[in-house]
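For reference, the structure discussed in these notes is given below.
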Amino acid sequence: MQDLRIDFRSDTVTKPTPGMEAAMQQAAVGDDVFGEDPSINALERKTAELFGMQAAIFCPSGTMTNQISIKCHTQPGDEIICDETSHIYQYEGGGIAFNALCSVKLLAGNYGRITASQIESAIQPDDVHRPISRLVSLENTSNRGGGSCYDFAEIQQIRTVCNKNQLALHLDGARLWNALIAKNESALQYGQVFDSISVCLSKSLGCPVGSLLVGNSSFIKKARRIRKVFGGGMRQAGYLAAAGIYALDNHLERLRTDHIHATVLESTLLTLPFVKTVLPVETNIVIFELQDELPAPALVSSMKEKSILAYAIAPNRVRLVTHLDITPAMIDKTVEELKRLNHVAGH
Ligand SMILES: *Cc1c(COP(=O)(O)O)cnc(C)c1O
């Protein structure tokens, strides 16, 4: 059945295309806990090669790949340095404490991006009173930062700080694909500077489920043990991996279209009097702040009446995310309806 709603709530809502469904139906599968699922093995190999890293592990979610990574890099009582808006801190159910028994040093970044010098000043001194700084985690693109991207030069400086201070460096790259397209970067350069990278297949790409954690062989071997403890050892999940392989082959380049769609929404929003500000749009996320007289839930419900779904991420902030299942016609209709809502708002 065709979904008539225009769903901008998240890029997680994408569904498999006919081509992806065919790939899934034809997948060769086996028991992955025994290491015998050919499709999962192929996806893990393909992703590791893409980043020029030794190994990868397929997991049910990006929360799991992040949490496994944090658990593998740390000992109880260690401290993790990250931006205050990080997904690993805000949206993973307190997993850093729950799973890894670690504390967090939160930094106030620029749209979710932290700098090498901020990190350097956040490192704990060698003092029995203090936790041990162990891991730095970056998010690219930044979700709460409105899909902002890091400058790669800053990441390289962060790597230098990590090397000097024996800190591991993890990347929450749930939307790294979007950053690679927007900044014209390669996965290989990311593989060279991070100890571990988490990427999602379930955002924008059409896959029903799946994330991968990439790293060196001994790290991924340890990750396999932790994945089992977390209950993430799946069996004939090759059907899902086949969707992932299809997505990597067919749905990465088209992210450009999502970024163009996001800038069309941004330029419309900038003309509307009930919009106070729009966070700079760099990829597929559009976050905007409303004037005081219009609460975010009120705008979201007016849009819903027009079958346009958005997400109120704060009392005065709304998020729109573009993705595979948003067509140019949907963007046209949304632009039209937003302008009409403007009249309703009495301007
Ligand atoms: C979506 C997301 C994740 C992973 O979310 P899951 O729903 O668990 O797959 C991780 N980090 C960021 C920044 C995200 O946006």
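Counting starts at 1 for both ligands and their atoms, following the listed order.
- Distance CD/Gln26 to CD/Glu21: 11.5 Å, rounded to 0.5 Å.
- For the 3.5 Å distance criterion, the side chains of Glu79 and Ser103 qualify, holding a donor opposite an acceptor.
- Of all atoms in ligand 1, listed by their number and element, those nearer than 4.0 Å to a heavy atom of Arg175 are 15 (O).
- Between Glu92 and ligand 1, not a single N/O pair is under 3.5 Å apart.
- In this structure, the protein non-hydrogen atom closest to atom 11 (N) of ligand 1 is Asp172 OD2, 2.6 Å.
- Those atoms of ligand 1 that come under 4.0 Å of a heavy atom in Ser61, given as number and element, are 8 (O), 9 (O).
- Any N or O atom pair closer than 3.5 Å counts here, and Ser202 shares no such pair with ligand 1.
- For the pair Glu336 and Arg340, the salt-bridge criterion is met [side-chain N within less than 4.0 Å of a carboxylate O].
- The residue Ile88 has no part lying near ligand 1, judged by heavy-atom distances below 4.0 Å.
- When ring centroids are compared, Phe51 and Phe194 stay outside the 6.0 Å threshold.
- Distance CD/Gln236 to OG/Ser39: 11.0 Å, rounded to 0.5 Å.
- With sequence neighbours left out, the side chain to side chain donor-acceptor pair (under 3.5 Å) criterion links Ser142 to no other residue.
- Nearest protein heavy-atom neighbour of atom 14 (C) of ligand 1: Lys203 NZ, 2.7 Å.
- Residue Asn66 approaches ligand 1 through these ligand atoms, each under 4.0 Å from one of its heavy atoms: 10 (C), 11 (N).
- For the 3.5 Å distance criterion, the side chains of His73 and Asp195 fail to qualify, holding no donor opposite an acceptor.
- For Phe8 and His323, the ring centers sit 6.0 Å or farther from each other.
- For atom 7 (O) of ligand 1, the protein comes within 4.0 Å by no heavy atom at all.
- Although no hydrogens or angles enter the test, the distance criterion places no donor-acceptor pair under 3.5 Å between the side chain of Arg9 and the main chain of Leu309.
- In terms of protein heavy-atom proximity, atom 9 (O) of ligand 1 is closest to Gly62 N, 2.8 Å.
- Checked by distance only, ligand 1 and Met64 stay at 3.5 Å or farther apart across all their nitrogen or oxygen atoms.
- With a 4.0 Å cut-off on non-hydrogen atoms, Asn143 touches ligand 1 through its side chain and not its backbone.
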Side-chain donor-acceptor pairs of residues 222-230 under 3.5 Å, sequence neighbours excluded:
| from | atom 1 | to | atom 2 | distance (Å) |
| --- | --- | --- | --- | --- |
| Lys222 | NZ | Cys72 | O | 2.8 |
| Arg224 | NH2 | Glu44 | OE1 | 3.1 |
| Arg224 | NH2 | Ala56 | O | 3.2 |
| Arg227 | NH1 | Phe58 | O | 2.6 |
| Arg227 | NH2 | Asp32 | OD2 | 3.3 |

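- Taking distance alone, with nitrogen or oxygen atoms compared against 3.5 Å, Ser211 stays at or beyond that limit from ligand 1.
- No N or O atom of Glu139 sits closer than 3.5 Å to an N or O atom of ligand 1.
- With a 4.0 Å cut-off on non-hydrogen atoms, Ala174 touches ligand 1 through its side chain and not its backbone.
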